[in-house]
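Working notes, beginning with the structure itself.
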Amino acid sequence: MRNPASEPNPGSESSNGGSASELRVFVRKKRGRKTIETQETKYEAEPLDQKLRGPPEIEEFGYKQVNGSFQSTVETFLSKPRFESFICDGVPLNIPTGEPPPNWEKVLEGIRKMRSTEDAPVDTMGCEKAGNSLPPKERRFAVLVSSLLSSQTKDNVTHGAIQRLLQNGLLAADTIDKADEATIKGLIYPVGFYTRKAANMKKIANICLMKYDGDIPSSLEELLLLPGIGPKMAHLVMNVGWNNVQGICVDTHVHRICNRLGWVSKSCTKQKTSTPEETREALQLWLPKEEWVPINPLLVGFGQTVCTPLRPNCGMCSVSDFCPSAFREISRSPSKSKRSSLSKKL
DNA sequence: GTCCTGGGCT
DNA sequence: AGCCCCGGAC
């Protein structure tokens, strides 16, 4: 409903008269086939002007519609990996650069409402309040450690570990650097992956001490060099530790939900993004910056209670009317009986 | 025991 | 894209 191509319109416009309904479209497509034929529509390829040719790995052709519905075919094209973009009379029909999806404000507001009534396991980001009574430098270090510990760990467990570190004076670069790894391991237990995290804490403390005078790196790039800190955590630390919003903190929940809502896609296509990083870049193209920080806790909570990884509770979701994926079974391993009929569709 | 988790690493 | 880490839910 949100995009003009989502309602198949079999042959209504193109069928009334031959040449009058002729429509010139240009499909930028990957090297390979030069004819496009779907069930409803046939397009014939013809070469384009030199100036319209794309980069070497891409070929561009003009396609003349022969029969069928133009509208429903756009959707088909854009869902196939081999097409990069779709242009009609010089106007791109896809939205490669940051057009906000229709109704996104209603959807966001609806999710906020749902989140205010239901209570999700994660209601405060673990590191958000980590050591906010400490001096700035120590506070930042606490935020970094807290982020590291928080993944795959319940919030109260992370909090407990931070408290124990603090009580033992082990929430600063210099003391952690000197401390025994086994001691740290014992103090942070039972956070998830405590062995690896204890080792990473030691390495991080040493790096912070050597290169940053016991403070934490203040740029995204330098944070990413720390062991155990990837894009998700780096953005979180920039947001919370430095109050410097460099990007959206995208975890699997944000990644999954944005794709279900049709909020993100691979550039110039309708395909889902395949990594959280890709999702982050696509989302940042249109989401207003004041939403960049709150979007994470909002969607994480929503993803834990309503829009769960498998079997999302679309029945109790107030924004299902706006969701292209609502009430579609999403299973990781499709059962063999239904697979053949499903795979035919796309 | 087996599956699942959520990030980072390779 | 697949592997790994640890614990917890079945």
Side-chain angles (χ1 to χ4, degrees), chain A residues 81 120-128 130 143-162 164-165 181-208 216-217 220-241 246-260 264 266 271-281 283 295-313 329-335:
Chain A
V122 164
D123 248 315
T124 58
M125 261 192 288
C127 66
E128 208 159 45
V143 168
L144 179 61
V145 172
S146 187
S147 306
L148 186 74
L149 299 185
S150 69
S151 86
Q152 196 64 12
T153 305
K154 293 253 193 282
D155 208 39
N156 58 332
V157 175
T158 308
H159 191 249
I162 292 291
R164 288 190 296 278
L165 287 169
E181 190 172 310
T183 308
I184 295 167
K185 188 171 161 181
L187 286 173
I188 65 174
Y189 182 88
V191 302
F193 312 136
Y194 51 85
T195 308
R196 175 68 56 90
K197 284 174 181 175
N200 283 340
M201 271 178 67
K202 286 276 297 176
K203 289 180 194 156
I204 287 175
N206 185 262
I207 294 169
C208 288
I216 68 172
L220 203 61
E221 294 72 24
E222 290 171 295
L223 282 169
L224 288 169
L225 293 175
L226 303 176
I229 301 294
K232 192 258 177 185
M233 292 308 175
H235 279 105
L236 187 63
V237 171
M238 285 305 287
N239 292 350
V240 180
Q246 293 286 306
I248 299 170
C249 176
V250 174
D251 58 22
T252 56
H253 299 285
V254 177
H255 175 57
R256 174 181 74 254
I257 293 165
C258 285
N259 273 293
R260 281 184 181 164
V264 293
K266 280 196 204 292
Q271 299 160 66
K272 291 178 169 192
T273 56
S274 42
T275 66
E277 269 298 274
E278 211 176 352
T279 298
R280 185 180 60 76
E281 288 177 358
L283 194 57
I295 193 83
N296 179 280
L298 187 71
L299 293 192
V300 170
F302 180 57
Q304 288 168 338
T305 54
V306 181
C307 200
T308 48
L310 46 82
R311 292 184 223 282
N313 302 303
E329 191 75 18
I330 301 166
S331 86
R332 262 162 205 265
S333 49
S335 63

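What you see is a predicted model; the values in this text were computed from it and never measured. Below, read A as the first sequence line, B as the second, and so on, with proteins coming before strands; counting in each chain starts at 1.
We find that CG of A/Asp155 is positioned 15 Å from P of B/dG6, with the value rounded to whole Å. To the nearest angstrom, P of B/dT10 lies 14 Å from CG of A/Leu224. The CG-C1' distance, from A/Leu148 to B/dG6, rounds to 13 Å in whole Å. Between the CD atom of A/Glu278 and the P atom of B/dG7 there is a distance of 18 Å, given to the nearest Å. We find that CG of A/Asn200 is positioned 7 Å from P of B/dC9, with the value rounded to whole Å. For A/Ile229 and B/dG6, the CD1 to P distance is 18 Å, given to the nearest whole Å. A/Leu149 places its CG atom 15 Å from the C1' atom of B/dG8, with the value rounded to the nearest Å. Summarising the geometry, the separation between CZ on A/Arg196 and C1' on B/dT5 is reported as 16 Å, rounded to the nearest angstrom.
Among the protein residues, A/Thr252 comes within range of the sugar-phosphate backbone only, with heavy atoms under 4.0 Å from sugar or phosphate atoms but none that close to a base. Among the heavy atoms of the strands lying under 4.0 Å from A/Pro227 are primed sugar atoms or P, OP1, OP2 only; no base atom is included.
Under the rule for a salt bridge (Lys or Arg N to Asp or Glu O under 4.0 Å), the partners of A/Glu277 that lie at least two apart in sequence or sit in another chain are A/Arg280.
Comparing A/Gln152 and A/Ala234 by the nucleotide of DNA chain B that holds the closest heavy atom to each, the one mapping nearer the 5' end is A/Gln152. Comparing A/Phe193 and A/Gly228 by the nucleotide of DNA chain B that holds the closest heavy atom to each, the one mapping nearer the 5' end is A/Phe193.
No more than 12 heavy atoms of other residues, nucleotides or ligands shown are found within 6.0 angstrom of CZ on A/Arg196.
The residue from A/Ile257, A/Thr252, A/Asp251 that alone fulfils the side chain to side chain contact (heavy atoms under 4.5 Å, CB included) condition with A/Val254 is A/Asp251.
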Using atom types as modelled, flag every donor-acceptor pair under 3.5 Å from a side chain in residues 222-241 of chain A to any protein atom, sequence neighbours excluded.
residue	atom	partner	partner atom	Å
A/Glu222	OE1	A/Ser219	OG	2.9
A/Glu222	OE2	A/Tyr212	OH	3.2
A/His235	ND1	A/Pro231	O	3.0
A/Asn239	ND2	A/His235	O	3.4

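If you check the side chains of A/Thr273 and A/Asn259, you find a donor sitting under 3.5 Å from an acceptor. A donor atom on one side chain and an acceptor atom on the other are not found under 3.5 Å apart for A/Thr153 and A/Thr158. A/Glu278 and A/Ser274 share a donor-acceptor pair across their side chains, judged by distance under 3.5 Å alone.
Using a 4.0 Å cutoff to heavy atoms of chain A, the contacted part of DNA chain C runs 5' to 3' from C/dC5 to C/dG7.
Comparing B/dG6 with C/dC10, their P atoms sit 15 Å apart, to the nearest whole Å.
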